[in-house]
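See below for the structure under consideration.
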Amino acid sequence: MEKNIASKEFEFHGGSLNGFLMCAIAIVLWATTVFSFVKGIICADNDQSCALWFITAVVLLIAAIICSCGFSMLEPNEAKVMTFFGKYVGTFRKNGFYWLNPFMSAKNVSLRARNLNAEPIKVNDKAGNPVLIGLVLVWRLKDTYKAIFDIDTDVSAAGQIGNAATARMNKFEHFVQVQSDSALRQVAGLYAYDDENPNSKEVTLRDGSEEVNEMLTQKLNERLEMAGLEVLEARINYLAYSPEIAAVMLRRQQAAAIITAREKIVDGAVSMVKMALDKLADEEIVELDEEKKAAMVSNLLVVLCADEPAQPVINSGTLNH
């Protein structure tokens, strides 16, 4: 995939005037146009020369129409991609009310951050296990030239300008969604869902969230660079085994948890038995031979490691030394 594509975007340096000033000028032009027509009619009724008045009225009418067609208003984080008979002449980003050359075409785009909550898709992890994984990401338009001219955003059927801008952003969102699915499949294939070895430091999808999210953001930006779009943040928000193997993996996780718990129980029981034998020997409470020690160790381990509570048995005899 092509990376670091040079940007052809630049700021619009064409004619832009204060919208309120041009609004006042347009009002004056319309008023003088009406006055010239009325004056010409009056002169014609009085058999006076009226050609100059009608010519002036036509010129003023054309000027008034031109002035009335160039008004534009931009809110923060909005832009207009300006073209003059098909040639890109810059991106207009000034906020406020302005008058622009009405012979230029303007395509409205939004530079605001947008969310995308992608539905979970089935992918294979590094070990080949099918998993369901979903993501949520925050993206925005960064390069207006690439976004408008390097990918297909034809919205000619949208009709009105407002609907065209919305339809154009919807096309961008669809592009991001398709590329996010592709990047998610690629990143999921680099990591295992979970590590069977609890002592391993290998990054997994389940516990390596920060590294996985950074990798996902990087892969998405590489894919969206060509379209002038940028991912600000991407995070996995859903992760589960696919239904066909979920039950088997659940039993495996339960078995691993039981083994880990048993290991801790045995370690604790051995420590307690050793402490009991040392305590008996140090305080000379009772003297045990090797056979009695073995029996005592066996009994204590059974009591400490058993799942069920021990049943006490009273020994009414004596220990033979």
Side-chain angles (χ1 to χ4, degrees), residues 7-112 140-172 228:
S7 174
K8 299 179 182 179
E9 181 190 57
F10 57 87
E11 293 297 320
F12 175 70
H13 298 296
S16 62
L17 300 173
N18 185 281
F20 296 102
L21 174 62
M22 292 303 297
C23 185
I25 293 175
I27 293 174
V28 172
L29 287 173
W30 281 109
T32 52
T33 299
V34 174
F35 175 79
S36 298
F37 271 115
V38 172
K39 191 68 176 176
I41 294 173
I42 293 174
C43 291
D45 291 341
N46 295 331
D47 294 330
Q48 298 176 358
S49 176
C50 60
L52 182 61
W53 287 108
F54 284 120
I55 293 174
T56 302
V58 171
V59 172
L60 290 175
L61 177 63
I62 295 173
I65 293 174
I66 293 175
C67 286
S68 300
C69 295
F71 294 107
S72 175
M73 184 173 63
L74 276 184
E75 297 179 355
N77 286 322
E78 288 185 347
K80 289 181 178 292
V81 180
M82 309 297 295
T83 57
F84 185 68
F85 293 100
K87 181 181 179 180
Y88 173 69
V89 293
T91 300
F92 186 73
R93 300 174 184 266
K94 294 181 181 179
N95 302 140
F97 185 50
Y98 290 92
W99 182 88
L100 303 173
N101 187 342
F103 295 102
M104 293 185 180
S105 300
K107 296 182 179 181
N108 294 355
V109 292
S110 173
L111 306 179
R112 298 185 177 99
R140 68 180 180 88
L141 192 152
K142 180 177 67 171
D143 190 312
T144 58
Y145 182 92
K146 293 179 182 178
I148 295 298
F149 301 112
D150 286 355
I151 62 174
D152 183 14
T153 56
D154 182 20
V155 292
S156 56
Q160 300 178 357
I161 296 178
N163 294 336
T166 302
R168 188 174 296 113
M169 296 308 298
N170 290 337
K171 282 184 172 288
F172 292 147

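One-based numbering along the sequence shown.
Expressed to the nearest 0.5 Å, how far NZ of Lys8 lies from CG of Asp150 amounts to 7.0 Å. With rounding to the nearest 0.5 Å, the separation of CG in Leu17 from CD1 in Ile25 is 7.5 Å. The SG atom of Cys67 sits 10.5 Å away from atom CG of Leu60, with the distance rounded to the nearest 0.5 Å. Rounding to the nearest 0.5 Å places CG of Leu74 at 10.5 Å from CZ of Arg93. How far CD of Glu78 is from OG of Ser72: 9.5 Å, rounded to the nearest 0.5 Å. With values rounded to the nearest 0.5 angstrom, Met73 atom CE is found 13.0 Å from Tyr98 atom OH.
Contact detail for Phe172 and Leu141: the closest heavy-atom pair is CE1-CD1, 3.4 Å. Taking each heavy atom of Ala57 and Thr33 in turn, the nearest pair found is O-CG2, 3.6 Å. Considering every non-hydrogen atom in both Met82 and Ala106, the closest pair reads SD-CB, 3.7 Å. Residue Gly40 comes nearest to Trp53 through the heavy atom pair CA-CB, 3.7 Å, listed as atom of the first residue, atom of the second, then distance. Heavy-atom minimum distance, Phe54 versus Ile41: CZ-N, 3.8 Å. Nearest heavy atoms, Ser36 versus Thr56: OG-CG2, 4.0 Å.
Taking 4.5 Å as the limit, some side-chain heavy atom of Phe12 sits within range of a side-chain heavy atom of Val89. Between Leu61 and Trp30, some side-chain heavy-atom pair lies under the 4.5 Å cut-off.
Not a single donor-acceptor pair under 3.5 Å links the side chain of Asn108 to the backbone N or O of Lys80. In this structure, Arg112 contributes its side chain and Pro76 its backbone to a donor-acceptor pair below 3.5 Å. In terms of modelled atom types and a separation under 3.5 Å, the side chain of Arg168 and the main chain of Val109 share no donor-acceptor contact.
The aromatic rings of Phe10 and Tyr88 lie perpendicular to each other, with more than 60° between the two planes, well past the 30° mark.
Aromatic rings of Phe97 and Phe71 (six-membered ring for Trp) have centroids within the 6.0 Å cut-off, being under it.
Ion pair Lys146/Glu9 not flagged as a salt bridge, since none of the NZ, NE, NH1 or NH2 atoms sits closer than 4.0 Å to an Asp/Glu carboxylate oxygen.
At a cut-off of 3.5 Å, with distance as the only test, a side-chain donor of Thr144 or Thr91 sits close to an acceptor on the other residue.
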